[in-house]
J.: 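Below is the structure I would like to discuss, written out as structure tokens.
Computation of the quantities below employed the complete heavy-atom set of this structure, encompassing side-chain atoms and omitting hydrogens, waters and symmetry-equivalent molecules. So you know, we letter chains A, B, ... as the sequences are listed, proteins then strands, and number each from 1.
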Number of protein chains: 2
Amino acid sequence: MRNLFVTLSYNGAAYHGWQRQNNAYTVQQAVEEALSALLGEDITVNGCSRTDAGVHANMYCMTFATSTSIPPRGLILGLNDKLPDDIAVKDCLEVPEDFHARFCCKGKEYVYIVHNSEIKDPFCKDTAMRWRHPVDAALLDKEAKDFVGSHDFKAFCSADCDKDNTVREIYSFNVERKGDRVRFIVSGSGFLYNMVRIMVGTLLYIADGKIPPGSIPGLIASRDRTLTGKTVEPQGLYLNRVFYDKGQMKFEERG
Amino acid sequence: MRNLFVTLSYNGAAYHGWQRQNNAYTVQQAVEEALSALLGEDITVNGCSRTDAGVHANMYCMTFATSTSIPPRGLILGLNDKLPDDIAVKDCLEVPEDFHARFCCKGKEYVYIVHNSEIKDPFCKDTAMRWRHPVDAALLDKEAKDFVGSHDFKAFCSADCDKDNTVREIYSFNVERKGDRVRFIVSGSGFLYNMVRIMVGTLLYIADGKIPPGSIPGLIASRDRTLTGKTVEPQGLYLNRVFYDKGQMKFEERG
């Protein structure tokens, strides 16, 4: 058996997230169906992460075991043909048997895209979140730096979060404006459930004056979810990069 | 009664074109329903042009008569709230009673966007057309110049075209590459049914070697639709600008 590592990109608008479910169509199911049809064997894939319904991936990594002898380039082209138009295979390589997309992952980067305008953009209803009030991206970039480091992020985690250990390390957090797009780019060792969307929601509350600048250290210390900003909508969120020890793979970001 | 001139932008993926139809949902119907609901009167709009199912507009112009006294800015915001997410109002101004979006139009510009890659882009399945073979944009830019001028474009018009006069003037035709996007930008006095999509299809046949470079003058002279390239898919086509005598209105192009 070969262990193949595949990088995907997908528009999550039509899917109930990555993870296979009994009663909803997911990206994992679409990928497994395409792979099984292409290879003529029952394929189960191991993904690097869950993603929520409506969330996208510029780079998503997975591994699977197969007995096929098709070379990687043939798999890329063949699988792309079998997959729906909103899921693409970007790369494929053979990895050691013990390499696992999730357990070997050393960190991830997410991008959250805000379309900051009074007037909607009809071409990004599923791929960006609109925020009407003017956002001071330079202020938020400064505020976002308070997330960097190892902290207990319990206040930035959905109430549904069932993790005992809510300490995570944020490597970097930048906020940039390009025209009417504001991009929040955050990388870290790992993320709690809804953590990126609550961090972005909290920064947007700071932009709107609902939370004063300088509050983030205190909000982290509070460990109180009721004090932080709202969980912003899924359609602005992209899993952007996934880090492994064997070289850091970088794909172009969108936005 | 006031005569209001409105510029829209829309993603045509979900619509059967602009023009109202009895048995299919169109952009015109969506706009008229939103306007009628907002203003509490029965509104019929006059559009600048038909667009086909799946075709987009970065700028679309229309006029309508109304007895409302709501100022233009209020109409822009109110109508945007009523419209579906894939149709936006960009501007609104009061024009003389005899100004008509279609009859006063002096010309139009279309953009056709090709995603030129072996690997699909999951974020543009409805907003660009994928062409797998590498396209030499510099060659096509040179070839496209043979369309410029007043010509009988019968060979570049759908067989369904019912126009007696098939002479049109092309003002400019440029082909540009930015990364894996190739953009075809053509402006002219007017366009026959499917004319832009057949001109782009013919240029792509030249890129693929199915039609030799230098053929366009002969193809125009032939007046024979069977000799020109295919009608490329609608999802790459955008009405990009509409020209009127009273100043040329310019909106940002996509791509």
J.: Which of these, B:V89, B:D81, B:L83, sits in a side chain to side chain contact (heavy atoms under 4.5 Å, CB included) with A:K120?
T.: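 Checked B:V89, B:D81, B:L83 against A:K120; only one passes side chain to side chain contact (heavy atoms under 4.5 Å, CB included): B:L83.
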
J.: Is it true that atom CZ of B:R2 has more than 12 heavy atoms of other residues, nucleotides or ligands lying nearer than 6.0 Å?
T.: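 It does: B:R2 CZ has more than 12 such atoms within range.
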
J.: Can you say whether B:I76 sits under 4.5 Å from chain A via the side chain, the backbone, both, or neither, judging by heavy atoms?
T.: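 Only the side chain of B:I76 comes within 4.5 Å of chain A.
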
J.: At a heavy-atom distance under 4.5 Å, which candidate from B:A13, B:A88, B:P84 has the highest pair count against chain A?
T.: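 Sorted descending by pairs with chain A, the first entry is B:A88.
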
J.: Salt bridge between A:R130 and B:D85, side-chain N to carboxylate O under 4.0 Å?
T.: no

J.: Please flag which part of B:A57 lies under 4.5 Å from any non-hydrogen atom of chain A: side chain, backbone, both or neither.
T.: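 Interface part for B:A57: backbone (N, CA, C, O).
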
J.: Based on non-hydrogen pairs under 4.5 Å, which of A:I87, A:N11, A:L77, A:D126 is most in contact with chain B?
T.: A:N11

J.: Would you say the side chain of A:Y10 lies within less than 4.5 Å of the side chain of A:V31, judging by non-hydrogen atoms?
T.: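 No, side chains not in contact.
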
